[in-house]
Number of protein chains: 2
Amino acid sequence: MTARHEQIAAELRRAIHREEYPVGAHLPAETELATRYGVSRGTVRQAVAALAAEGLIGSRQGARRVVLAPRRSQSFAELRSFAQWAQAMGRTATGRVVAHEYRPATAEDAARLHLPQGTPLLNVLRLRGLDGEPVLVERTVYADWISPAVEAVDPDCASVTQRLYEDTGLVFAHGEHVIDAISAGARDATLLAVRRTSPLLRVRRVTTTHDGRPVEWSDDRYRPDAVSFTVHNAIGHNPLMRTPAG
Amino acid sequence: MTARHEQIAAELRRAIHREEYPVGAHLPAETELATRYGVSRGTVRQAVAALAAEGLIGSRQGARRVVLAPRRSQSFAELRSFAQWAQAMGRTATGRVVAHEYRPATAEDAARLHLPQGTPLLNVLRLRGLDGEPVLVERTVYADWISPAVEAVDPDCASVTQRLYEDTGLVFAHGEHVIDAISAGARDATLLAVRRTSPLLRVRRVTTTHDGRPVEWSDDRYRPDAVSFTVHNAIGHNPLMRTPAG
DNA sequence: AAGTGGTCTAGACCACGGT
DNA sequence: CCGTGGTCTAGACCACTTA
């Protein structure tokens, strides 16, 4: 059962990608779309709001909506696991556990996972790749209440997120990401097959359940020649924030 | 004249920051908020949708909305206006033009600005800082139709965006950003006072008007110890990508 | 079973943009 | 001026969560 406004959004998206509405062209008026699809104006507005949030179209009061880009790129609009993202890009995600061990929670672990300092926590170092080529080193710390389920996952499993969902029903609902850059350390360099001190794109993230309970936090380091992030923003609608360090 | 749904969003935002609704707590039901503010349910939904987009609250069908974070998100912070962002964070933005010259449009310039290759374009190299400390090297190429106005701007002007708006009425309405990491070159290193080859956070962006016409594009390199980016995202209840293939 | 959010309708008025 | 998108209302039904 798909909502009507989603069907309409999908149809408009396809039409834009098909260049039926080329870049710079106007979309039909809301009332026009409403009669065309046999729905009320409110439903049409739900649909076009989704496209606007994706940066596909722009709008101003009084003027027709304008097609901005026929993009297919993966943005941060939706939270997705590495495996899901790779699949959406038509690539194959791989992954293997390089090391895993229990360590007492550091002050940082405790703060990010809302757990008492010193709690034994599962630390996992994973190397992940696209079509066999290594692109990402992932250092993840799991909350104590989920680590048994994580340990039960095959070390070569391509999508831990999906595995955990199937096994335990756990949903990764929210993600908070901090993006910066860092020099490759010795281990990063070896695993990613780059020179030491070469620049890596780092994402430190905390993932939580629907009710905001932290599940894991991770330090992810990407080869910047293999992966980048794209964000679209508009006046009054800005999903990305720049934050000063310290 | 502020829309009622924005007033309500602002009130709820303040209440969350005041920890009237602490992290993990439930927000009142939509109908409850509707009667409290004397508006219809639709208006309440517009308000809470804004908070959800900011990552302040989460929601699922059937369950009350949950407070996720008391973050003080400067949601009006403009990614493309360094000066406005700095001001919102309570910092002082500085900027000076290091070099500027006209160069024929490269293939990349032509593609990004939708202009013919070879067109003489204004290239500007700016060094920008926070509270006097250099944090960002900006290499901007302007579309030919705006460069006269850019040349008229004071080289030490802190906010070019605002200046251009005042002078010409030009609105930077949309931005498309690609984020990765890169080694500091000799010039970057000198200007930012870091070692050569040290990692920098790079943002390549294209800024457009309301109707999608490109105004400028820029290669911005940040000191990662001074500036990072944060993104909050959620698993959308709009299964846009969840539509079955075919 | 009751409560809640998600979806949808069929109206209405206003502010703004373009002609 | 007319057409457009932005805002708002007062209903309705359904899917889901929770107790």
Side-chain angles (χ1 to χ4, degrees), chain A residues 1-10 12 21 24-53 56-68 169-171 173 209-213 234-237, chain B residues 1-10 12 21 24-53 56-68 169-171 173 209-213 234-240 242:
Chain A
M1 181 52 185
T2 311
R4 193 78 184 93
H5 68 87
E6 285 176 19
Q7 297 174 18
I8 294 170
L12 290 173
Y21 303 114
H26 292 273
L27 238 53
E30 293 178 356
T31 50
E32 154 73 18
L33 289 171
T35 57
R36 180 185 305 183
Y37 290 111
V39 298
S40 79
R41 206 185 137 208
T43 304
V44 168
R45 284 181 63 80
Q46 274 187 281
V48 294
L51 303 200
L56 239 51
I57 61 176
S59 70
R60 311 147 72 184
Q61 181 170 99
R64 290 271 273 271
R65 289 188 170 79
V66 173
V67 176
L68 294 175
L170 180 72
V171 175
T209 58
H210 277 295
D211 49 352
R213 195 157 61 130
I235 288 183
H237 182 293
Chain B
M1 183 53 187
T2 312
R4 191 82 185 91
H5 69 86
E6 282 179 22
Q7 297 174 18
I8 295 170
L12 290 173
Y21 303 114
H26 292 272
L27 238 53
E30 293 178 355
T31 50
E32 153 72 19
L33 289 172
T35 58
R36 179 185 304 182
Y37 291 112
V39 298
S40 79
R41 203 184 140 210
T43 304
V44 168
R45 284 180 64 80
Q46 273 188 280
V48 294
L51 303 199
L56 238 52
I57 62 176
S59 70
R60 313 146 68 185
Q61 180 169 105
R64 291 271 271 271
R65 290 187 170 77
V66 172
V67 176
L68 293 176
L170 180 71
V171 175
T209 59
H210 277 294
D211 49 352
R213 195 156 61 132
I235 186 161
H237 354 69
N238 6 355
L240 312 167
R242 217 183 297 170

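By convention in this document, chain letters (A, B, ...) are assigned in the order of the sequence lines, proteins followed by strands, and residues within each chain are numbered from 1.
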Rounding to an integer number of Å, can you tell me how far A:His210 NE2 sits from C:dG5 C1'? 13 Å

If the cut-off is 4.0 Å, is B:Arg65 near the phosphate of C:dG6, judged by side-chain N/O to OP1 or OP2? yes

Of the nucleotides C:dT7, D:dG5, D:dC8, which one has an atom closest to the side chain of B:Ala3? D:dC8

From D:dG5, C:dG6, D:dC8, nucleotide with atom closest to B:His5 side chain: D:dC8

Protein-nucleic acid N or O pairs under 3.5 Å, nucleotides 15-19 of chain D:
unit_1, atom_1, unit_2, atom_2, d
D:dA15, O4', B:Gln61, OE1, 3.2
D:dC16, O4', B:Gln61, OE1, 3.1

Sequence-distant partners of A:Arg41, side chain to side chain donor-acceptor pair (under 3.5 Å), two or more places apart: A:Glu30

Over how many whole Å does the gap from A:Leu33 atom CG to D:dG3 atom P extend? 17 Å

Starting from P on C:dG6, measure out to CD on A:Gln7 and report it in whole angstrom. 19 Å

Counting any heavy atom closer than 4.0 Å, what does B:Arg45 reach on the DNA or RNA strands: base, sugar-phosphate only, or nothing? base

Can you tell me if B:Thr43 touches the phosphate of D:dT9, counting only side-chain N or O atoms and a distance under 4.0 Å to OP1 or OP2? yes

Value in whole Å for how far the C1' atom of C:dC8 lies from CD of A:Glu6: 13 Å

When rounded to whole Å, the CD to P distance for the pair A:Gln46 and D:dG6 reads 14 Å

N or O in side chain of A:Arg64 less than 4.0 angstrom from D:dT4 OP1/OP2: yes

Does C:dG6 have OP1 or OP2 under 4.0 Å away from a side-chain N or O of B:Ser59? yes

Heavy atoms, side chains only, cut-off 4.5 Å: are B:His210 and A:Val66 in contact? no

Below 4.0 angstrom, which residues in residues 34-42 of chain B have at least one non-hydrogen atom near DNA chain C? B:Arg41

Indicate yes or no: at least one non-hydrogen side-chain atom of B:Leu33 is less than 4.5 angstrom from one of B:Ile8. no

